[in-house]
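Note that the structure is predicted; figures quoted are calculated from it, not measured. Side-chain atoms are counted along with the backbone in the values below, which use heavy atoms only and exclude waters and symmetry mates.
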Protein chains: 2
Amino acid sequence: MKRRPTIIDVALQAGVSKTTVSRVIGSEADLVREETRNRVLDAIETLGYQHNAVARSLRTDRTNIIMLAIPDITNPFWPGVARGVQDVMDSEGYAVVFANSDWNGPREALFLQMAARNRFDGILINPIQISNDTLKSTGIPTVILSSSEEYPDFDCVGSDSYGGTRLALEHLFAQGHRRIGLISGQRQQRSGHSRRSSYTDFLNSHSLPEDKRLIVDTPFDQAGGFNAMQQLLDLPEPPTAVCAANDILAIGALRAALESGLKIPRLLSIVGMDDIFASSTTTPPLTTVVKSKNRIGQLAAHFLIDRIRGLDHLQPRHHLIPCILQLRGSTAPLNI
Amino acid sequence: MKRRPTIIDVALQAGVSKTTVSRVIGSEADLVREETRNRVLDAIETLGYQHNAVARSLRTDRTNIIMLAIPDITNPFWPGVARGVQDVMDSEGYAVVFANSDWNGPREALFLQMAARNRFDGILINPIQISNDTLKSTGIPTVILSSSEEYPDFDCVGSDSYGGTRLALEHLFAQGHRRIGLISGQRQQRSGHSRRSSYTDFLNSHSLPEDKRLIVDTPFDQAGGFNAMQQLLDLPEPPTAVCAANDILAIGALRAALESGLKIPRLLSIVGMDDIFASSTTTPPLTTVVKSKNRIGQLAAHFLIDRIRGLDHLQPRHHLIPCILQLRGSTAPLNI
DNA sequence: TTGTAAGCGTTATCAT
DNA sequence: ATGATAACGCTTACAA
């Protein structure tokens, strides 16, 4: 495998200086006479020259690479967001590096170090452990993918899970449900909180009593949902409807309910959140709160590009994308 | 935001030459006296020095970044593979850039160009359009993620869909089924072929007649599976079992069958392929052929690392990871 | 054990 | 409109 041609080879071949070649391949192409430019382009063609982004980055101090750091790539929510991010970043000429921490804090820190060492131009992150200050110390423009309030120095883009939860609860209320359970995941305290407070506020606004036993914290997986549901069904007065913090929990809950012989939605309504693919293929299909993954990704990407372009004077912006309720077969009017 | 410290700042601070600093942060740390090393490390600490990977790459011609190019990140198969890839690459010190072509040929080409320009150390790709020769012309070590035979110059890692299909068909045969439909996607001719030929070979080996009407080519989505199933059910003599090229098709087929009032699996058996999350949450849950996404990713990563390390003399290796049949509720003995 | 200096492939600053 | 030349921050012979 022979050496790759450089800008110098091209210059020699075209009979010009390397400066001229640099002009042609860079952003100053119009400063060079058309005839010369064509000679250069021909040389590039015949040599099969590909410009060296590494060398360019060293000189310009810009890599055109951004990092997207997420905790779990197998959670279908993130690929959805990632696609939105890529839509924008592609068209702006940025490559997107995925960093998948698998919920591992030290790994998350490692990835940030990698971003810093490689002089990536920006970071999009759904933080699991890293603090506002550590993030600031990287010196890299960063946007938070979360509705958390813990990162006051950064732009944040998240989904309005408070509003989304409210949407779900009001729907159940309108169907006549008054005893509504909440299955909330325990790992992410932050989004957990907004759902939790939405639940409390909902109860208050309708003057419903708060029964602690109706709130179950559980690990964020199907088994967690399953167990939580069993726990709720074992109550002396089980709920007539259940709201789960995400679809996977909801699907676990659905399965537990079905296995215990309950007819869904006749005897129990269930609402999930996220609208993952599987929630449309259960029997009955799951009513769920939809977050617009694509829009989250796109907006976050735009925010990040603003920051990269040096809009540092802007106050940190927080934006929550509203949720939509996707009605399907797992909810129905209260059966009296 | 002030300038990042360089190796020179560290050298000054520690009272040594930049060579020494380079030795300490690089792979020659043991060549330097412990006391000196500690002085350097202290300087690094107090200055908050982060080494510049861009400059290092320019000098060493290695970026420690590889690209994973796939057609569709929202297809849960790929995140699974990606995780296997990352497991290996992380531990070898490589960062993984995702490139998601969205089944768009020109975009795929663009990504390869990006890999070349950025001097990535390697490429893992599930090719959708690009040819063996174009791939070779990048000059970058590359491993193909596919069981295709169209890339004779590269290592290939795929899953044995021929064997997997056979597994599914033999299972149905053992259950007494003799009239078995095949729903095969049309987009990827390659894997389509292996399933198709497996089907034909299966029929021959059991001396079953081949009925063209039992084979339906359809787009690779749920609607495709739905329509294909309807088409099969409209046959004068519908199949008693159906084998689909992937779970999404199978789920579409399942839904079509249920909607037309068929009891599954009593009146119709369905087998999918891939074991996506949703296939475990349908009613009944789907019997499916499992590909070991993780092992595919890991093996491909190892192959790629071999190539990067310069094992060019090796013949191109093709490896098919065997599939496993995951029995669930969508298949049952033929009901006579 | 440590230092000097050349060079990686660009872009940017001056000249011409 | 084009060219000469100095950076960019690092690694690596080679020297001391």
Side-chain angles (χ1 to χ4, degrees), chain A residues 1-41 43-44 47-65 93 116-121 139, chain B residues 2-41 43-44 47-65 93 114 116-121 139:
Chain A
M1 191 156 52
K2 59 177 183 302
R3 199 177 54 83
R4 285 174 199 263
T6 77
I7 198 178
I8 299 189
D9 300 315
V10 176
L12 252 46
Q13 167 89 10
V16 298
S17 77
K18 57 180 186 158
T19 307
T20 302
V21 178
S22 174
R23 290 208 175 93
V24 171
I25 62 178
S27 46
E28 293 171 316
D30 36 352
L31 292 187
V32 34
R33 192 156 32 110
E34 178 160 1
E35 190 232 306
T36 325
R37 182 171 46 224
N38 287 335
R39 269 216 319 281
V40 171
L41 290 175
I44 289 178
L47 292 177
Y49 168 77
Q50 292 269 38
H51 82 244
N52 186 331
V54 176
R56 172 179 288 181
S57 294
L58 178 58
R59 193 56 237 253
T60 62
D61 211 28
R62 303 182 49 244
T63 52
N64 290 309
I65 300 181
R117 286 194 200 312
N118 282 91
R119 303 297 193 263
F120 290 161
D121 291 344
Chain B
K2 58 179 185 298
R3 199 175 55 82
R4 289 189 142 103
T6 76
I7 197 180
I8 299 190
D9 300 316
V10 177
L12 250 48
Q13 166 89 12
V16 298
S17 76
K18 57 179 187 157
T19 306
T20 303
V21 178
S22 173
R23 292 211 173 91
V24 171
I25 61 178
S27 45
E28 293 171 313
D30 37 350
L31 293 187
V32 35
R33 190 156 33 109
E34 176 159 3
E35 189 231 308
T36 324
R37 181 171 47 224
N38 287 334
R39 269 218 318 282
V40 172
L41 290 174
I44 288 178
L47 292 178
Y49 169 77
Q50 292 268 39
H51 81 244
N52 186 330
V54 176
R56 173 179 287 181
S57 294
L58 178 58
R59 192 55 237 255
T60 61
D61 211 28
R62 301 182 51 246
T63 53
N64 290 310
I65 300 181
M114 178 178 122
R117 287 192 198 313
N118 282 91
R119 304 296 193 262
F120 290 160
D121 290 345

**Prompt:** Could you state the CG-P distance from B:Leu31 to C:dT2, rounded to the nearest angstrom?
**Reply:** 10 Å
**Asked** Are any of the side-chain heavy atoms of A:Val40 and A:Arg37 separated by less than 4.5 Å?
**Response** no
**Asked** C:dT1 P sits how many Å from B:Glu34 CD, rounded?
**Response** 12 Å
**Request:** For B:Thr36, report the nucleic acid contact type (base, sugar-phosphate, nothing); a contact means any heavy atom under 4.0 Å.
**Result:** sugar-phosphate
**Under 3.5 Å: donor-acceptor pair, side chain of A:Asp9, backbone of A:Thr6** = yes
**Item:** Protein-nucleotide distance (B:Arg62, atom CZ; D:dT12, atom P), rounded to Å
**Value:** 10 Å
**Request:** Find the distance B:Leu12:CG to C:dG3:P and express it as a whole number of Å.
**Result:** 12 Å
**Message:** Please report the distance, rounded to the nearest Å, between CZ in A:Arg4 and P in C:dG9.
**Reply:** 11 Å
**Item:** Atom-to-atom span, CZ of B:Arg117 to C1' of C:dG9 - whole angstrom
**Value:** 14 Å
**Prompt:** Considering all heavy atoms of both residues, which atom of B:Val24 and which atom of B:Ala29 are nearest to each other, and what is their separation?
**Reply:** O-CB, 3.7 Å
**Prompt:** Taking B:Arg23 for the side chain and B:Glu28 for the main chain, is one N or O donor matched with an acceptor at less than 3.5 Å?
**Reply:** no
**Asked** Is the backbone N or O of A:Thr63 less than 3.5 Å from a side-chain atom of A:Arg119, with the two atoms forming a donor-acceptor pair by type?
**Response** no
**Prompt:** Once you round it to whole Å, what is the distance between C1' of C:dC8 and CG of A:Asp9?
**Reply:** 13 Å
**Request:** Look at all strands and tell whether B:Val54 reaches a base, only sugar-phosphate, or nothing, counting heavy atoms closer than 4.0 Å.
**Result:** nothing
**Which atom of B:Asn64 lies closest to which atom of B:Gly93, heavy atoms considered** = CB-O, 3.7 Å
**Message:** Quick check on the helix from C:dT1-D:dA16 to C:dT16-D:dA1: what's the angle between its two end axes, five base pairs per end, to the nearest 10°?
**Reply:** 30°
**Prompt:** Between atom CZ in A:Arg3 and atom C1' in C:dG9, what is the gap in whole Å?
**Reply:** 10 Å
**Item:** Nearest-neighbour nucleotide for the A:Leu58 side chain, C:dT2, C:dG9, D:dG3 considered
**Value:** C:dG9
**Item:** Side chains of B:Asn118 and A:Ile65 in contact at under 4.5 Å (non-hydrogen atoms)
**Value:** yes
**Message:** Looking at A:Ser57 and A:Ala53, would you say the former's side chain and the latter's main chain have a donor-acceptor pair under 3.5 Å?
**Reply:** yes
**Prompt:** Reading nucleotides 10-16 of chain C 5' to 3', which nucleotides get B (base under 4.0 Å from a protein heavy atom), which S (sugar-phosphate only), which -?
**Reply:** BBB----
**Message:** In the structure I gave you, are the side-chain heavy atoms of A:Thr20 and A:Ser17 within less than 4.5 Å of one another anywhere?
**Reply:** yes
